[in-house]
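What's counted below: heavy atoms across the whole structure, side chains too, no hydrogens, waters or symmetry copies. Position 1 is the first residue of the sequence, and the numbers go up from there. What you see is a predicted model, and the numbers here were worked out from it, not measured in a lab.
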Amino acid sequence: MSRNKRGKGMRLLGKVLFVLYIGFIIYFLLFSDLYGRAGVMEEYRYNLVLFKEIKRFWQYREQLGWYAMFTNLFGNVIIFMPFGFFLPMASKYRSFFAAVFYSFTLSLCVETFQLLTKVGSFDVDDLLLNTIGGVAGYIIFVICAAVRRRHVRLSTRKRR
């Protein structure tokens, strides 16, 4: 397979995975019963103080349980890692700053939607953790792309 066809195939795969991931994230973050999204709350819930919820989850980890602490702190990072990974595969935006900007923007949209619909809560700590997850996914993409380029370069040399 030629290098150009392989590149187009990878971009198409990236776009398909990106769309599937966006569908998953919309369902999981907004509608999943697993994290209390089954009902609408009567009042708006929000946290506008950076590190407040992170500190609370860490401080009360024994009372809340390790699962609750892990899912809140690390789950918010992990769930956005595929976004940072698939974004440069599916689009022309391949810079670090694009990964930060679009990860933050998607997280802001999710948090705002949760606030306005009273399904979940708006939390600036989630904005931070989700953005960190998107950036971590982007860094993993950059590393994988570098390894792939090196592998292709070495295999091309061996064929000559």
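For the side chain to side chain donor-acceptor pair (under 3.5 Å) criterion with Asp126, the lone passing option out of Asn72, Asn47, Asn76 is Asn76.
A distance-only check finds no donor-acceptor pair linking the side chain of Tyr138 to the backbone of Phe97 [under 3.5 Å]. In terms of modelled atom types and a separation under 3.5 Å, the side chain of Thr131 and the main chain of Leu127 share a donor-acceptor contact.
In plain terms, the two heavy atoms of Gly14 and Ala90 that are nearest each other are O-CB, 3.6 Å. Minimum heavy-atom separation, Val135 to Phe96: CG1-CE1, 3.4 Å. For the pair Asp123 and Asp125, the tightest heavy-atom approach, listed with the atom from each and the gap, is OD1-N, 2.9 Å. Taking every heavy atom of both residues into account, Arg11 and Arg94 meet most closely at CG-NH2, 4.4 Å. Contact record, Phe80 with Ile25: CE1-CD1, 3.8 Å, taken as the closest heavy-atom pair. Across every non-hydrogen atom of Ala98 and Leu87, the tightest pair is O-CD2, 4.0 Å.
A ring-centre distance under 6.0 Å is found for Phe83 and Phe18.
Ile132 CD1 to Ile78 CD1: the interatomic distance, rounded to the nearest 0.5 Å, is 12.5 Å. Distance check, rounded to the nearest 0.5 Å: CZ of Phe86 to CG of Leu13 gives 7.5 Å. For the atom pair Cys109 SG and Phe104 CZ, the distance stands at 10.0 Å (nearest 0.5 Å). Taking OH of Tyr102 as the start and OG of Ser91 as the end, the distance is 7.5 Å to the nearest 0.5 Å. Atom CG of Leu129 and atom CD1 of Ile79 lie 12.0 Å apart (nearest 0.5 Å). The distance from atom CH2 of Trp58 to atom CG of Leu64, rounded to the nearest 0.5 Å, is 12.5 Å.
Taking the side chain as every heavy atom from C-beta outward, Arg56 and Tyr60 approach each other to under 4.5 Å. Residues Phe101 and Thr105 meet the side-chain proximity criterion, which asks for heavy atoms closer than 4.5 Å. Contact of the Val49 side chain with the Val124 side chain is not registered, since no non-hydrogen atoms from C-beta on lie closer than 4.5 Å. With contacts defined as side-chain heavy-atom distances shorter than 4.5 Å, the pair Leu106/Ile22 qualifies. Contact of the Gln114 side chain with the Phe122 side chain is not registered, since no non-hydrogen atoms from C-beta on lie closer than 4.5 Å. When side chains are defined from C-beta on, Glu111 does not count as touching Tyr46, because their heavy atoms never get closer than 4.5 Å.
In terms of hydrophobic clustering, with Ile, Leu, Val, Met, Phe, Trp and Tyr side chains grouped at heavy-atom distances under 4.5 Å, Leu12 and Val19 are assigned to different clusters. Linking ILVMFWY residues whenever their side-chain heavy atoms come closer than 4.5 Å, directly or via other members, places Phe141 and Ile143 in the same cluster.
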_For a side-chain contact (heavy atoms from CB on, under 4.5 Å) check, start with the C-alpha distance between Ile139 and Phe85, then their side-chain angles and the critical distance, and finish with the verdict._
CA-CA 8 Å; Ile139 291 168; Phe85 187 86; over 6 Å; no
